[in-house]
Amino acid sequence: METTTIDEIQALEARHVLQTYKRAPVTFVRGQGVRLYDADGREYLDLLSGIGVASLGHAHPGLARAIAEQAKTLIHTSNLFYHPLQGQLAERLAQLSGLPRAFFCNSGTEAVEACLKFARRYWYTRGEPRAEFIAFENSFHGRTFGALSVTSNEHYRAPFEPLVPGVRFVPVNDPKALLAAVSRSTAAIIAEPIQGEGGVRPLTPAFASAITEASSTTGALIIADEVQSGLGRTGYPFYAPVLGLHPDLISIGKALGGGVAVGAALLSQKVADTIAFGDHGSTYGGNLLACRAALCFLDELDTGGLLGRISRVGDHLERGLRSMAARHPALIKEVRGAGLIWGLELTRDAAPVIQEGLARGVIVNRTAETVVRLLPPLVITEPEIDEALGRLDAAFAAVGAVQ
Ligand SMILES: Cc1ncc(COP(=O)(O)O)c(C=O)c1O
């Protein structure tokens with residue numbers, strides 16, 4: 001059955017799609033770069049990129065060509081056989097991260113699951129099983145049981161308890177509390193270098209060095225969850241090293257496939273040496289289509305010069321956001337982030353700003369209730385930033401006027 005109007009689409013979903021999402025009443029039908037177009041032909045500037053996924057923007061010609069050509073050749077054969085692209089992708093990720101091994105999966109939460117399992121396996125293989133994980137308040141690592149168990153938000157956790165046992169939450173950016181919590185029972189410390197869903201909160205370098213200290217005194221592994229902050233988002237391939245962290249495991253996803261579902265756990269050789277055949281697996285993980293898309297993204301990031309321009313464009317975005325904050329001091333309390341990941345901490349619920357922005361043709365989202373989050377496509381230009389911030393500024397003015 002063909003559905004056309006938003007009312008028909010909503011009614012059909014209301015009957016048959018599990019109601020886990022509160023969607024905005026907009027249907028996007030096509031995109032071009034940082035612009036999206038709805039069913040009525042209205043144009044929007046996308047400062048969210050499908051929550052950090054459409055890294056090359058929408059309908060990127062190179063990515064579209066790569067996916068189409070791969071689909072015409074071969075999409076999937078399973079991990080029972082070799083294909084030429086997984087090794088190539090793993091090699092490129094090793095060059096970017098310094099971690100020599102990759103396990104491929106299909107999403108961020110699966111990448112986190114893999115890291116948690118590999119950390120447990122590391123200690124099991126060493127004959128010193130360790131059950132505990134240290135995670136942080138305001139953390140978000142995904143919705144599957146393992147990832148949810150290291151996610152702090154009670155609202156996400158409570159209906160599904162009991163979760164994986166042995167997780168302790170430590171206040172973020174509190175080195176003393178961390179050092180007190182980590183022990184020789186800790187399998188791993190899991191950290192988002194910039195907490196994304198928790199409100200765009202970067203770890204402080206002092207806290208990062210406490211993580212390093214806790215790890216080196218107890219042997220606890222370090223897992224950096226770079227699903228949101230990794231792969232160029234901050235202007236660097238990964239944000240953990242910028243903070244001085246040297247993780248044993250890194251989880252990635254989101255930007256990697258530019259919209260094609262792909263995730264990966266990256267491992268140090270020390271951890272990889274403790275994993276055996278059959279320890280973990282995925283039917284789809286790292287199939288030809290996903291690897292082709294990811295290779296195309298990395299080509300743009302790396303050889304295409306994308307990475308080199310993100311810091312400059314990100315500085316421009318930061319300046320624009322700070323001057324917007326200065327124009328709306330009653331609404332915007334703080335501006336946090338790096339590169340092309342930013343959060344505006346408001347003095348109130350962020351929902352009306354998101355709605356007013358949408359009405360004016362700019363897409364941002366609310367996270368941690370009071371934070372307006374921006375995760376634009378990595379290809380965004382300075383003039384596009386100015387145009388989008390003009391619309392966002394008008395949204396703030398509208399919300400401010402009815403305060
Ligand atoms: C840091 C982090 N880890 C894991 C995830 C889960 O990723 P996915 O939704 O692809 O499972 C997210 C998603 O927002 C995330 O931000």
Side-chain angles (χ1 to χ4, degrees), residues 31-36 44-63 92-93 95-98 192-194 196 200-205 226-245 252 254-256 258-259 294 296-327 332 334-344 357 362-365 372-393:
Q32 187 73 59
V34 302
R35 292 172 204 270
L36 282 169
Y44 301 76
L45 281 159
D46 183 4
L47 293 189
L48 191 60
S49 61
I51 325 186
V53 168
S55 44
L56 300 181
H58 302 285
H60 183 272
L63 180 61
R92 298 284 296 276
L93 291 168
Q95 285 159 356
L96 274 185
S97 68
E192 296 160 85
I194 298 181
V200 189
R201 297 170 201 280
L203 299 190
T204 60
E226 297 249 22
V227 166
Q228 194 161 145
S229 58
L231 299 168
R233 175 59 58 194
T234 62
Y236 300 91
F238 294 98
Y239 202 63
V242 177
L243 294 170
L245 277 178
I252 55 172
K254 288 194 187 278
L256 183 59
C296 176
F297 165 70
L298 290 180
D299 280 345
E300 292 293 325
L301 189 68
D302 210 354
T303 30
L306 190 52
L307 188 60
R309 58 182 286 286
I310 291 171
S311 296
R312 193 193 70 229
V313 177
D315 286 349
H316 186 78
L317 176 57
E318 179 179 4
R319 278 195 298 278
L321 291 172
R322 291 203 186 280
S323 68
M324 192 158 66
R327 279 193 299 281
I332 306 175
E334 201 184 357
V335 180
R336 297 187 293 259
L340 290 172
I341 171 170
W342 289 95
L344 305 174
V362 61
I363 299 166
V364 288
N365 92 321
V372 174
R373 179 175 49 172
L374 291 82
L375 292 168
L378 303 181
V379 295
I380 197 167
T381 62
E382 283 144 322
E384 287 164 341
I385 287 172
D386 294 342
E387 198 182 346
L389 291 192
R391 296 180 193 184
L392 192 57
D393 194 74

Can a donor-acceptor pair be found, under 3.5 Å and without considering hydrogens, that links the side chain of R35 to the backbone of Y44?
no
Test side-chain hydrogen bond (donor to acceptor under 3.5 Å, both in side chains) applied to R309 - qualifying residues, sequence neighbours left out:
none
Hey, which of N365, I341, L317 is the one that makes side-chain contact (heavy atoms from CB on, under 4.5 Å) with L374?
L317
Salt bridge (charged side-chain N to carboxylate O under 4.0 Å, His left out) pairs touching residues 44-63, sequence neighbours excluded, are none
Approximate separation, where rounding is to 0.5 Å, of L48 CG and I363 CD1
7.5 Å
Any side-chain to backbone donor/acceptor pair from E192 onto S229? Under 3.5 Å, distance only.
no
How long is the straight-line distance from NE2 of H316 back to OG1 of T381, given to the nearest 0.5 Å?
8.5 Å
With a 3.5 Å distance limit and no angle check, can you tell me whether R233 reaches the backbone of L340 through a side-chain donor-acceptor pair?
yes
Distance in Å, L344 CG paired with M324 CE, rounded so as to fall on 0.5 Å steps:
5.5 Å
Could you give all pairs that pass the salt bridge (charged side-chain N to carboxylate O under 4.0 Å, His left out) test and reach residues 372-385, with sequence neighbours left out?
E197-R373, R312-E382
Inter-residue atom distance R92.CZ - S97.OG, 0.5 Å rounding:
12.5 Å
Does any N or O in the side chain of E300 come within less than 3.5 Å of the main-chain N or O of L56, such that one atom is a donor and the other an acceptor?
no
